[in-house]
Protein chains: 2
Amino acid sequence: MASRPSARSRATVNDVASAARVSRQTVSNALMHPERVRPETLRRVHAEIERLGYSPSTAASSLRQQRAGAVGMELTGLGSQSLSDALAPFLVSLTICAPTHECHIVTFGSDQDGPTLERYREMWRGRLVDAFVIMDTHHGDPRPTWLADQGIPFASFGRVWDEPAFTAWADVDGRAGTDTAVEHLVSEGYGPIGYLGWPYGSLVGDERREGWAIATARHGRGDLTLQAISNQVLPEAIDAAGQLVDRVGTGGAIVCASDLLALAVHHVLLTRGLRPGRDVGIVGFDGSQSALAHGLTSVAQPFRAIADELLTQVHDQLTSAPQRTSGVMLTPTLVHRSSSHRRPTAPATHHQEKS
Amino acid sequence: MASRPSARSRATVNDVASAARVSRQTVSNALMHPERVRPETLRRVHAEIERLGYSPSTAASSLRQQRAGAVGMELTGLGSQSLSDALAPFLVSLTICAPTHECHIVTFGSDQDGPTLERYREMWRGRLVDAFVIMDTHHGDPRPTWLADQGIPFASFGRVWDEPAFTAWADVDGRAGTDTAVEHLVSEGYGPIGYLGWPYGSLVGDERREGWAIATARHGRGDLTLQAISNQVLPEAIDAAGQLVDRVGTGGAIVCASDLLALAVHHVLLTRGLRPGRDVGIVGFDGSQSALAHGLTSVAQPFRAIADELLTQVHDQLTSAPQRTSGVMLTPTLVHRSSSHRRPTAPATHHQEKS
DNA sequence: CTGAAAGCGCTTACAG
DNA sequence: CTGAAAGCGCTTACAG
């Protein structure tokens with residue numbers, strides 16, 4: 001009686017409906033509004049759905065519901081030389097969180113550095129996506145303003161400095177991160193605690209420095225001369241690290257604005273025959289793969305929580321639910337590794353929430 | 001006369017059609033089969049398309065054409081601890097190539113390591129994607145067999161060892177890569193050229209070792225004792241590298257099966273006060289970010305060419321075009337950096353094709 | 001070269 | 001609680 005779909009083509013609502021001896025609207029109700037369907041009918045419908053391996057066609061329901069069910073994410077740093085360290089783990093988190101928010105992630109990008117907005121426009125014009133998640137915004141970044149002007153829903157990983165009124169963002173509390181790092185180093189018994197950071201004027205960088213300054217002051221160790229500065233480039237960082245290691249000395253420790261800077265400190269220690277952790281403590285920032293590979297303690301970004309928050313924010317925009325009145329700062333987590341343990345028997349890698 | 005769409009809602013074929021005073025089929029033809037439309041009409045239609053910012057609805061054309069226009073890509077290594085180094089650059093390449101192949105990339109993944117096939121099934125059931133690209137296949141990997149059994153189109157970055165009959169793959173010619181590395185080191189004037197590789201039995205690893213063995217033999221320097229072995233873990237690699245550096249000595253060089261192993265050699269040199277490049281040459285494999293950060297010469301995988309090839313392969317499967325009768329091996333490229341230059345003035349980073 | 005019609009598969013008011 | 005109808009926006013045979 002029930003006509004089975006051919007082996008090649010997929011089951012549709014109609015197939016399920018006739019197999020379950022109900023109309024196709026009932027099948028749709030069973031899926032979208034189960035409370036409207038009598039329990040016994042519901043069971044029968046679900047049994048057939050299962051048996052036929054039915055799943056609504058994404059294209060058809062997108063068309064009907066006027067939403068793609070997708071969020072776009074630009075893959076930046078396309079020379080493949082300068083991929084942001086955070087990009088891959090953040091994208092993974094976003095991807096894993098997406099089903100929870102009834103969507104999936106579509107990636108896009110282009111070769112040229114120039115017309116970045118063009119790709120956003122293309123994605124949007126065909127409504128391949130309902131919204132965007134952006135990251136790595138900077139002063140003069142055209143994207144936030146343009147997206148906002150077009151009325152395109154989006155949320156940003158990182159504050160949007162140019163548009164203080166824009167509140168759909170989540171960011172990492174850098175101050176809390178370096179503060180935690182200092183607390184940890186103090187409790188491990190290190191003496192002078194220096195800081196290797198980026199040049200003044202970067203908002204993220206200044207915040208991270210501030211956490212170090214505040215925490216060291218709190219322990220009566222505030223010493224702003226125990227500071228060195230470098231851009232995010234290894235050779236320059238090695239120079240700066242060398243000078244800082246001189247000043248901090250054996251028994252001291254260094255908090256860094258990034259894992260790359262931490263790597264520079266690590267490098268300097270090795271060339272001088274000093275043992276990271278045992279002789280000089282190091283804490284990096286970002287929780288990157290290279291910190292892992294080199295056994296560097298690092299302040300890890302809470303990518304999962306950020307992804308979850310941002311998808312919630314775009315979802316709220318799409319449903320015109322009440323919006324947040326301000327962005328969200330999330331507290332990073334210190335990942336302990338051997339570079340910040342004075343005793344040789346470093347504990348196994350584990351995570352520890354900041355209290 | 002022409003009714004303009006409301007500011008809020010998008011332009012549709014109908015809007016363009018009435019604005020251009022043609023039927024909506026003509027608009028569709030202008031886009032899909034321009035040769036069927038009189039030039040003047042074509043121009044008028046395109047002008048309106050431009051003016052209205054029209055772009056066909058992805059959902060509608062997916063439904064009509066019975067294809068999602070999307071390729072799924074699993075994001076593996078989800079502890080965010082073990083993301084394959086190759087994942088991010090490969091995904092970027094795939095994403096950038098996708099528009100050329102009239103598709104876009106949808107990512108997916110799950111937390112648990114267990115039911116990986118379940119996520120593939122979900123993506124496929126709703127036809128969120130038309131095909132998959134997979135990578136990092138291994139012996140006993142359930143994915144290739146399952147996908148093939150289901151008749152789901154897919155292509156693999158890396159040979160599919162378990163299914164020799166399966167030819168939709170592209171891989172990197174590891175033998176050619178290490179061969180090129182040896183040639184380069186010889187021409188730079190290094191003496192003994194050793195190899196730090198993975199344990200025997202890994203097909204990828206054995207191939208890379210073979211390239212080194214063949215090329216050194218060709219130069220009358222075959223010496224299989226100049227070899228050390230380590231798994232892909234830094235501490236173990238450092239031990240192995242230490243022994244190998246002893247045997248190779250100053251003026252020698254070491255080719256490595258991966259950038260992580262190369263990093264271990266680098267580390268050993270620094271702790272001994274030796275200068276990478278100047279005193280001992282190093283060449284890594286993979287062209288990863290960390291090779292870049294540490295100035296390591298590396299055999300870089302041709303991600304772009306691989307992505308392009310794989311998308312061509314799935315496209316051919318979807319259109320039942322003639323399929324390849326065998327997989328494709330692509331030649332990697334040596335990226336020169338200071339770790340393989342004996343003279344202190346290393347040239348700026350540049351790429352160089354293997355001849 | 002152009003136009004009227006059918007239908008991809010779904011969901012949602014709207015009657016019963 | 002269930003059923004017949006309409007329509008999301010597109011594309012493709014099929015007539016003119």
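As rounded to whole Å, 15 Å separates atom C1' of D/dT2 from atom CZ of A/R21. When the C1' atom of D/dT2 is taken as reference, atom CD of A/E40 falls 14 Å away, rounded to whole Å. One atom, CG of B/L31, and another, P of D/dC10, lie 10 Å apart when rounded to the nearest Å. Across the protein-nucleic acid pair, B/R67 atom CZ and D/dC10 atom P stand 16 Å apart, rounded to whole Å. The nearest whole Å value for the distance from the CG atom in B/N14 to the P atom in C/dA4 is 12 Å. For the pair A/L42 CG and D/dC1 P, the interatomic distance rounds to 10 Å; values are reported in whole Å. The distance from atom CZ of B/R24 to atom C1' of C/dG3 is 11 Å, rounded to the nearest whole Å.
Between B/E122 and B/R125 there is no salt bridge, since no side-chain nitrogen of the basic residue lies less than 4.0 Å from a carboxylate oxygen of the acidic one. A salt bridge does not link A/R44 to A/E48: none of the charged side-chain nitrogens sits closer than 4.0 Å to a carboxylate oxygen.
Nearest nucleotide to the B/V13 side chain, out of D/dC10, C/dT2, C/dG9: D/dC10. The side chain of A/Y54 sits closest to C/dC10 out of C/dG9, D/dC10, C/dC10.
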In dot-bracket form, how is DNA chain C paired, counting a Watson-Crick or G-U wobble pair only if both its distances are under 3.5 Å and using | for bases paired to another strand?
|||.||||||||.|||
Could you go through nucleotides 12-16 of chain C and list every protein N or O atom that sits under 3.5 Å from one of its N or O atoms, giving the distance for each pair?
unit_1 : atom_1 : unit_2 : atom_2 : d
C/dT12 : O4'    : A/R64  : NH1    : 3.1

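Residue pairs satisfying the salt bridge (charged side-chain N to carboxylate O under 4.0 Å, His left out) criterion with at least one member in residues 89-104 of chain A, sequence neighbours excluded, are absent.
B/F154 has its ring centre no less than 6.0 Å from the ring centre of B/Y120.
If you check every strand for non-hydrogen atoms under 4.0 Å, A/S23 touches a base. Residue contacts for A/T41: at a heavy-atom cut-off of 4.0 Å it reaches the sugar-phosphate backbone alone, with no base atom in range. Heavy atoms of A/E35 sit under 4.0 angstrom from primed sugar atoms or phosphate atoms, though from no base atom.
Contact annotation: A/T26 side-chain N/O to D/dG3 OP1/OP2 distance is under 4.0 Å. Using a 4.0 Å cut-off, no side-chain N or O of A/Q66 falls inside it from OP1 or OP2 of D/dG7. Checking the phosphate oxygens (OP1, OP2) of C/dT2, a side-chain nitrogen or oxygen of B/R38 falls inside 4.0 Å.
Between A/C97 and the options A/I306, A/T312, A/V92, A/D308, a side chain to side chain contact (heavy atoms under 4.5 Å, CB included) holds for only A/D308.
No donor-acceptor contact under 3.5 angstrom links the side chains of B/Q323 and B/T167, judged on distance only. Counting only N and O atoms by type, the side chains of B/Q313 and B/Q317 include no donor and acceptor under 3.5 Å apart.
A/R127 places none of its side-chain heavy atoms less than 4.5 Å from the side chain of B/T58. A 4.5 Å side-chain heavy-atom check between A/I105 and A/L94 finds at least one atom pair inside the cut-off.
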Between A/R121 and A/E118, does a salt bridge (Lys or Arg N to Asp or Glu O under 4.0 Å) hold up when you go through it step by step?
CA-CA 5 Å; A/R121 177 184 277 114; A/E118 198 42 52; 3.1 Å; yes
